[in-house]
Student: 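Okay, handing you the structure first.
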Amino acid sequence: MSVHEIHWEIPKSHPRYESLKRRERLVECVSAGIATLQGLIAHGRGEAFDYLIGERTLNAAQRATEVAAELLLSARKPVISVNGNVAALAPRAVVELASLTNARIEVNLFHRTEERVRRIKELLERNGARGVLGEHATERIEGLEHPRGLVEREGIFTADVVLVAIEDGDRTEALVKMGKKVIAIDLNPLSRTARTATVTIVDDVERALKNLASEVSRIKAQAQKAETEKREKHVSSLDEILSGYDNKEVLREVLREITRRLHRLASDL
Ligand code: ATP
């Protein structure tokens, strides 16, 4: 029996029910050719950090989310990059955010196979996505050897804002070097992705995408109200949005929030 065939019925009363369900979901997605075994390891690293932050959205993550929402709304060409773990854990949240921001979705894989791209695309389509990119990746992200550097011309290659989640540091860095504003969702505030992205949301991918969608909706509702009140609508440039934002300071604040929490937990033991 392969590891994929072992399935557990998780009792709802289990204190870690949600987390165990997510693991089950990922294992199923490995069987379905959507996620990889390496993806399971990456998830484990993420879970460890989620424990440290208390499995909730930190204030610093909220601050980054507000700026990320502004970037997505002001982008000329926003793209949400989806890999196996993201597709497995949050397909609906991806589709909702894309539709709220008019962003394209591109399947972009570290361990790329055409078959896996197709399966992820189909999963996203079952969740309501349309026009998913990724199958015609003919362009290269400079500095990344084939095939993990392959992207679509219509998508990531010409995007001005790219949202990545559970991403590898090399690829994030290469996208920033190409001049893109990169929004990263990563539970590890110390990862190279977290440290090289333009805006880092240190949170679980599903929580972060849902918060981003709420924030985008809030900004859109506010803009609509302003327009009905005949106030002038000003569309900010990406650099204007980022002018008062310091991503390194947000990461420092995450580390401080974790440290404070650990001190509290240590004294309560
Ligand atoms: P880097 O190359 O950026 O230094 P890494 O080597 O840890 O980081 P990977 O293993 O490729 O990179 O990526 C996994 C990253 O995604 C890790 O930083 C991990 O903490 C994070 N991660 C895993 N699961 C989740 C999740 N559910 N939500 C958000 N982030 C996650």
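Remember, it's 1-based here, ligands and their atoms both numbered in the order they're listed. None of these values were measured; they are calculated from a predicted model.
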Student: Nearest 0.5 Å, what's the CG-CZ distance between N83 and R116?
Tutor: 7.5 Å

Student: N or O contacts of ligand 1 with protein under 3.5 Å, please list pair by pair.
Tutor:
unit_1	atom_1	unit_2	atom_2	d
ligand 1	2 (O)	G169	N	2.9
ligand 1	2 (O)	R192	NH2	2.9
ligand 1	3 (O)	G169	N	3.2
ligand 1	3 (O)	R192	N	3.3
ligand 1	3 (O)	T193	N	2.8
ligand 1	3 (O)	T193	OG1	2.9
ligand 1	4 (O)	R192	N	2.8
ligand 1	6 (O)	R45	NH2	3.3
ligand 1	7 (O)	R45	NE	3.0
ligand 1	7 (O)	R45	NH2	2.9
ligand 1	18 (O)	D186	OD1	2.8
ligand 1	18 (O)	D186	OD2	3.2
ligand 1	20 (O)	D186	OD1	3.4
ligand 1	27 (N)	D204	OD1	3.1
ligand 1	28 (N)	V205	N	2.9
ligand 1	30 (N)	L187	N	3.1

Student: Please lay out, stage by stage, how K21 and E24 fare under the test salt bridge (Lys or Arg N to Asp or Glu O under 4.0 Å).
Tutor: CA-CA 5 Å; K21 284 296 280 186; E24 255 325 91; over 6 Å; no

Student: Would you confirm whether T172, through its side chain, and A197, through its main-chain N or O, come within 3.5 Å as a donor-acceptor pair?
Tutor: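 Pair absent, no side-chain N/O of T172 close to backbone of A197.
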
Student: To the nearest 0.5 Å, what is the distance between CD1 on I219 and OG1 on T101?
Tutor: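 Going from the CD1 atom of I219 to the OG1 atom of T101 covers 11.0 Å.
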
Student: Find the distance between CZ (R252) and CG (D246) and round it off to the nearest 0.5 Å.
Tutor: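 Atom-to-atom, R252:CZ and D246:CG are 6.0 Å apart.
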
Student: Supply the atom-to-atom distance I34 CD1 to E122 CD, rounded to the nearest 0.5 angstrom.
Tutor: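 Result: 8.5 Å between the selected atoms.
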
